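Proteins come first, then strands; the chains are lettered A, B, ... in the order of their sequence lines, and each starts at number 1. Quick caveat: nothing in here was measured; it's all calculated off a predicted structure.
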Protein chains: 2
Amino acid sequence: MATGRTHRPATRSRGIPEATVARLPLYLRALTALSERSVPTVSSEELATAAGVNSAKLRKDFSYLGSYGTRGVGYDVEYLVYQISRELGLTQDWPVVIVGIGNLGAALANYGGFASRGFRVAALIDADPGMAGKPVAGIPVQHTDELEKIITENGVSIGVIATPAGAAQQVCDRLVAAGITSILNFAPTVLTVPDGVDVRKVDLSIELQILAFHEQRKAGEEVAAPEEAAGAVPPPPVAHRAPSAGPGADSGRQGPDGDVPAVMPA
Amino acid sequence: MATGRTHRPATRSRGIPEATVARLPLYLRALTALSERSVPTVSSEELATAAGVNSAKLRKDFSYLGSYGTRGVGYDVEYLVYQISRELGLTQDWPVVIVGIGNLGAALANYGGFASRGFRVAALIDADPGMAGKPVAGIPVQHTDELEKIITENGVSIGVIATPAGAAQQVCDRLVAAGITSILNFAPTVLTVPDGVDVRKVDLSIELQILAFHEQRKAGEEVAAPEEAAGAVPPPPVAHRAPSAGPGADSGRQGPDGDVPAVMPA
DNA sequence: CTGTGTGAAAGCTTTCACAGCT
DNA sequence: AGCTGTGAAAGCTTTCACACAG
């Protein structure tokens, strides 16, 4: 795909695997809950259950951070909370801007988990002049014209895009031009960004479609081979030959726990 | 972790890799856009760019579905749209219930991409009696008491949880008991479900935390080794020795495109 | 004895690179 | 000529299972 990326052989050292990074927030949440209940220590088994993973994985994950446990005992909750927070960069506060204050943007602005762990909503931005000044979650919405100014003045480096798909790339370009280097995209579009900018995306309909896939599989297994529910089957537009057989009924689908989100570093 | 899962040796056959399944919706979206512009065929290179992946990956992915392309030419857009839709189970309509109609639930109810591709919002459910009857996105909200009835009568198998964290597990249990077998969870909690039920989760603050991690890395690289921004560093509660050194400045972080969501089949 | 930390094995996923249709 | 389909190589991730610290 065009560019080609330098394919750096990995500078080694403190390279925490991406899969592990993606689970750290999970552990952190579980640990925070324990901390609130004043639980002093926890074993890998207990913590793993609370976080919804298995203990081997958890121990391996923690081993990348260092040896923070005590053999025969477990992990010190407070200490781990601090170590993971630090590793994730949550010991500092990250100002965040949310662009696109529709239902979703409002939901994000109101989301408590935001403010609690290291993030601060620095501004809400919307293209609708009618929204300007209106407070959402206690923060007055500002107009898109102010975008660059807001980002620069607040030293914002993380932006959340909650606009309609059509506006996303444009907003993204402006965010990046203004100095944003991490973007969380809720719009159902592929964003193109320059090298060095991270984009993570959250996509409703994609998640649903993946569920539908598995749901269909389950139905197929139960009834053996429904072959294709009765009904209007749009005929293949071209006279391709079917690869070999029909939609085979098979495969006892049931993957293990898998879990690995995405980073697309530009 | 309790259960232990039968560890089936994979029944082989039509087993499409999970990573591939997770990308099919992406391809489908790109293809739908092409279809709307009446583009008849597309090469793996073009389609891959539109979907934000590389062409080798795309071809490999398609190879699991069958040989739907034409060498020297590319893929027939309409035909591929149909094949992928069918593979994902989108040729049938999936009724969906959304539980928890706050800002987020409302955003989901209003989300167009929902209705467009194979999904139909069968009902909106909320625990607040004051919401009952109030229409959101043109659909009247129903009270939680009706939950079981709604699911049974509409043959709903997919549920979306958009409640506060505290209510999520309880709602989940009721959904499952009523016959739901796929859940999309927006509440920041680990859900426990019986075997055979798929759960996918979307978690705002987790995504942000992952971004913060990478953001921190970037900052660290620029300044070489900030060692720990000045300020109150909560001292390790216990006198553990630091693993070896401070937060080493290193590792030219820059993973390849990676992308792989999660299924946690119970 | 208990539960961590970790090499080594087993599985997945991605990338390469090229044979083979059209 | 051009572009798909795919074995084989290279990377990641997860799981095993056990030495060893407390």
Side-chain angles (χ1 to χ4, degrees), chain A residues 1 3-5 7-10 12 15-23 41-49 53-76 79-80 238-241 243-244 254-264, chain B residues 1 4-5 7-10 12 15-23 41-49 52-76 79-80 238-241 243-244 254-264:
Chain A
M1 188 213 226
T3 26
R5 180 150 301 111
H7 180 249
R8 201 108 50 91
R12 193 50 56 126
I16 299 175
E18 196 52 41
T20 295
V21 172
R23 281 186 297 266
T41 59
V42 67
S43 71
S44 62
E45 196 66 58
E46 295 166 321
L47 183 52
T49 302
V53 302
N54 70 47
S55 63
K57 202 186 280 184
L58 178 143
R59 287 203 302 282
K60 188 53 124 187
D61 283 341
F62 285 2
S63 81
Y64 293 118
L65 307 185
S67 292
Y68 295 152
T70 307
R71 296 183 190 221
V73 180
Y75 301 91
D76 181 289
Y79 187 53
L80 246 195
V238 184
H240 283 276
R241 283 192 302 120
S244 65
Q254 245 273 2
D257 328 71
D259 189 315
V260 181
V263 198
M264 352 190 286
Chain B
M1 176 185 257
R5 178 150 302 108
H7 181 248
R8 202 108 48 91
R12 193 50 55 134
I16 299 176
E18 197 52 41
T20 295
V21 172
R23 279 186 296 265
T41 59
V42 66
S43 70
S44 62
E45 197 66 59
E46 294 165 322
L47 184 52
T49 304
V53 302
N54 69 48
S55 63
K57 202 185 278 181
L58 178 144
R59 287 203 303 280
K60 187 55 125 185
D61 283 342
F62 285 2
S63 80
Y64 294 116
L65 307 185
S67 293
Y68 294 152
T70 307
R71 295 177 191 226
V73 179
Y75 301 91
D76 181 290
Y79 187 54
L80 245 194
V238 184
H240 284 274
R241 283 194 302 119
S244 64
Q254 246 272 3
D257 329 69
D259 188 317
V260 180
V263 196
M264 352 191 288

- request: State the OG-OH distance between B:Ser67 and B:Tyr75, to the nearest 0.5 angstrom.
  value: 8.5 Å
message: If I take atom CG from residue B:Leu58 and atom OG from residue B:Ser43, how far apart are they, to the nearest 0.5 angstrom?
response: 9.0 Å
Expressed as a whole number of angstroms, how long is the span from [X]:[atom1] to [N]:[atom2]?
| X | N | atom1 | atom2 | value |
| --- | --- | --- | --- | --- |
| A:Ile16 | D:dT13 | CD1 | P | 12 Å |
| A:Glu46 | C:dG3 | CD | P | 8 Å |
| A:Leu58 | C:dG5 | CG | C1' | 12 Å |
| B:Asn54 | C:dT13 | CG | P | 15 Å |
| B:Glu18 | C:dT14 | CD | C1' | 16 Å |
| A:Glu45 | C:dT4 | CD | P | 8 Å |
| A:Lys57 | D:dA17 | NZ | P | 17 Å |
| B:Tyr75 | D:dC3 | OH | C1' | 9 Å |

- request: For A:Asp76 and A:Thr41, work out which heavy atoms get closest and say how close.
  value: CA-CG2, 4.2 Å
message: Determine whether A:Leu47 and A:Phe62 satisfy the following criterion, side-chain contact (heavy atoms from CB on, under 4.5 Å), listing intermediate values before the conclusion.
response: CA-CA 12 Å; A:Leu47 183 52; A:Phe62 285 2; 3.8 Å; yes
message: Whether A:Ser43 contacts C:dG3 is assessed here as follows: a side-chain N or O lying under 4.0 Å from the phosphate OP1 or OP2. Is that the case?
response: no
- request: Would you indicate, yes or no, if C:dG3 has its OP1 or OP2 atom less than 4.0 angstrom from a side-chain nitrogen or oxygen of A:Ser44?
  value: no
message: Under the side chain to side chain donor-acceptor pair (under 3.5 Å) test against B:Ser44, which residue among B:Lys60, B:Arg59, B:Lys57 passes?
response: B:Arg59
Output a table of nitrogen or oxygen pairs between the protein and nucleotides 6-9 of chain C separated by less than 3.5 Å.
from: C:dG7; atom 1: N7; to: A:Lys60; atom 2: NZ; distance (Å): 3.3

statement: Of B:Phe62 and A:Thr20, the one whose nearest nucleotide on DNA chain D sits closer to the 5' end is B:Phe62
